[in-house]
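To start, the structure itself, in structure tokens.
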2 protein chains.
Amino acid sequence: MRLLVVEDEHALAEAAAEHLREAGHAVDIAVKLDDAQAAVRATSYDLILLDLQLPDGDGLTLVRDLRNRAASTPVLIATARDQIMQRIQGLEAGADDYLVKPYDLDEMLARVAAILRRADSSRASQRQFGPISIVPSAQVVYLNDAPVRLTPKEWAILDRLSRRPDITVSKADFEDALYGFGSEVESNAIEAHVSRLRAKLGRGVIETVRGFGYRMGKG
Amino acid sequence: MRLLVVEDEHALAEAAAEHLREAGHAVDIAVKLDDAQAAVRATSYDLILLDLQLPDGDGLTLVRDLRNRAASTPVLIATARDQIMQRIQGLEAGADDYLVKPYDLDEMLARVAAILRRADSSRASQRQFGPISIVPSAQVVYLNDAPVRLTPKEWAILDRLSRRPDITVSKADFEDALYGFGSEVESNAIEAHVSRLRAKLGRGVIETVRGFGYRMGKG
DNA sequence: GGTATTCGTCAGCAATCGGTAAGGTGGCGG
DNA sequence: CCGCCACCTTACCGATTGCTGACGAATACC
């Protein structure tokens with residue numbers, strides 16, 4: 001597995017990286033937010049171990065960036081004990097788990113292993129809905145074997161719907177998932193995205209459950 | 001939804017309760033830890049909004065009590081800005097989220113809604129009544145395996161009935177649950193909805209208990 | 001640095017909801 | 001057997017909710 005460690009304390013970064021390498025992973029290190037973003041853009045990681053307090057910015061912006069680009073890379077956040085608020089925001093922004101610094105290296109390794117295991121099983125190959133096939137690993141959608149280009153937000157919506165096809169997802173849920181918590185969207189942004197998705201994929205793919213939200217059409 | 005507001009500042013308690021009632025919840029107020037514990041023992045709440053600083057004790061004991069009794073009632077904690085340690089302890093004791101006092105009423109409402117949503121979707125499962133199956137997570141009802149489309153109000157009524165199938169629910173209870181508390185529905189709105197429900201689901205599903213209210217039909 | 005996407009917002013339209021009311025039905029006491 | 005009262009059913013219409021095309025700002029890409 002290929003991992004990225006984002007940590008400005010050099011000694012800690014090296015120690016963590018070494019521990020992960022002994023466990024058989026390929027590990028890159030970034031000491032600044034800039035470096036991390038460059039690295040993430042250049043390569044696809046299987047997991048990111050992220051310190052929130054960085055010299056040139058808040059680590060959470062990296063998480064939001066990833067999620068806005070619809071990247072599902074798991075993120076494990078490391079934070080000092082007094083930054084509990086950041087921890088919570090981190091989980092809401094789409095992090096997968098957190099560690100309290102200073103952390104035990106073996107515990108870190110255990111968390112990493114747990115997340116990778118989880119991610120692997122949810123990565124699931126491919127999802128079929130009538131004429132639509134969704135390939136999460138490649139973030140590609142096919143309509144009758146013809147590839148369809150989706151924007152990041154469109155993908156995020158379809159991904160969330162198709163992950164639990166039996167569940168109705170409310171617009172409020174989408175807003176919590178696509179944007180932060182405090183950031184209120186005053187309008188019908190979700191409706192607009194759904195409309196665009198339907199234009200690309202056909203009418204039957206996403207069903208409206210009036211008064212509740214949206215759900216995958218039954219194929 | 002039935003909520004409990006635990007807060008010794010009378011004005012704030014009333015303001016919060018009023019705001020929640022406007023959102024359609026039934027709200028009780030407790031001004032002391034004692035009252036809160038009595039209330040929790042007497043009734044089952046869907047969520048508790050808890051001030052930690054109370055005249056007769058620490059609000060955390062309430063959280064611990066709940067968790068010790070394996071009650072999963074979600075708890076939203078409110079604390080002053082400088083009580084960070086309490087917040088941390090609160091989250092570790094099993095609270096679901098926290099608010100910094102003084103808080104904006106609308107933000108409070110948003111947090112409450114988010115927690116209720118989370119709790120509701122995790123409650124999941126599925127309820128069977130003869131030819132009817134109710135899937136709360138998808139907000140869908142099946143009649144002989146054919147999906148039936150219900151409006152939000154219809155769903156609310158069926159949901160409330162099916163949650164406690166052995167209980168007869170009075171029309172006043174429905175009005176409390178579907179509208180605010182001091183709601184004046186001058187007409188037969190509930191009867192009309194029940195009628196429309198029966199038209200969609202069949203006659204046997206909802207029984208009339210003349211003079212008292214309605215109850216799920218025994219399948 | 002210019003161009004193309006993307007995304008949030010808005011407005012107008014369409015569909016559906018839901019409270020109300022009015023007339024009908026049936027159970028129950030007398 | 002009668003009348004009353006609780007409940008049922010249906011139509012109506014204002015209010016709400018959702019859909020879609022257009023527009024402009026922000027952003028990414030070359």
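Quick caveat, the model's predicted, so the values are computed rather than measured. Below, chains carry the letters A, B, ... as their sequence lines are ordered, and counting in each starts from 1.
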> Out of B:Phe212, B:Tyr214, B:Phe174, which residue meets the side chain to side chain contact (heavy atoms under 4.5 Å, CB included) rule with B:Val169?
Replying inline: B:Phe174
> Could B:Asp104 and B:Arg111 be called an ion pair, given the rule that one side-chain N must be under 4.0 Å from one carboxylate O?
Replying inline: no
> Are the charged groups of B:Lys101 and B:Glu7 less than 4.0 angstrom apart, N to O?
Replying inline: yes
>> Testing B:Asp159, B:Ile157, B:Val140, B:Val141 one by one against B:Leu150 for a side chain to side chain contact (heavy atoms under 4.5 Å, CB included), which residue passes?
In response: B:Val141
> How would nucleotides 3-22 of chain D be written as a contact map, 5' to 3', with B for base contact, S for sugar-phosphate-only contact and - for no contact, using protein heavy atoms under 4.0 Å?
Replying inline: --BBSBBBB-----BSBB-B
> Can a side chain N or O of B:Thr151 be found less than 4.0 Å away from OP1 or OP2 on C:dG18?
Replying inline: yes
> Given atom CH2 of B:Trp155 and atom P of C:dG18, what is their separation to the nearest angstrom?
Replying inline: 14 Å
> Rounded to whole angstroms, how far apart are CD1 on A:Ile190 and C1' on C:dC7?
Replying inline: 11 Å
>> Any carboxylate oxygen within less than 4.0 angstrom of a Lys/Arg side-chain nitrogen, looking at B:Arg215 and B:Asp166?
In response: no
> Any sub-3.5 Å donor-acceptor pair from B:Asp51's side-chain atoms to B:Val6's backbone N or O?
Replying inline: no
> Which atom pair, heavy atoms only, marks the closest approach of A:Met216 to A:Leu161?
Replying inline: CG-O, 3.5 Å
>> Please determine whether a side-chain nitrogen of the Lys or Arg among A:Glu191 and A:Lys171 lies less than 4.0 Å from a carboxylate oxygen of the Asp or Glu.
In response: yes
Enumerate the protein-to-nucleotides 25-30 of chain D contacts in which both atoms are nitrogen or oxygen and the separation is below 3.5 Å.
none

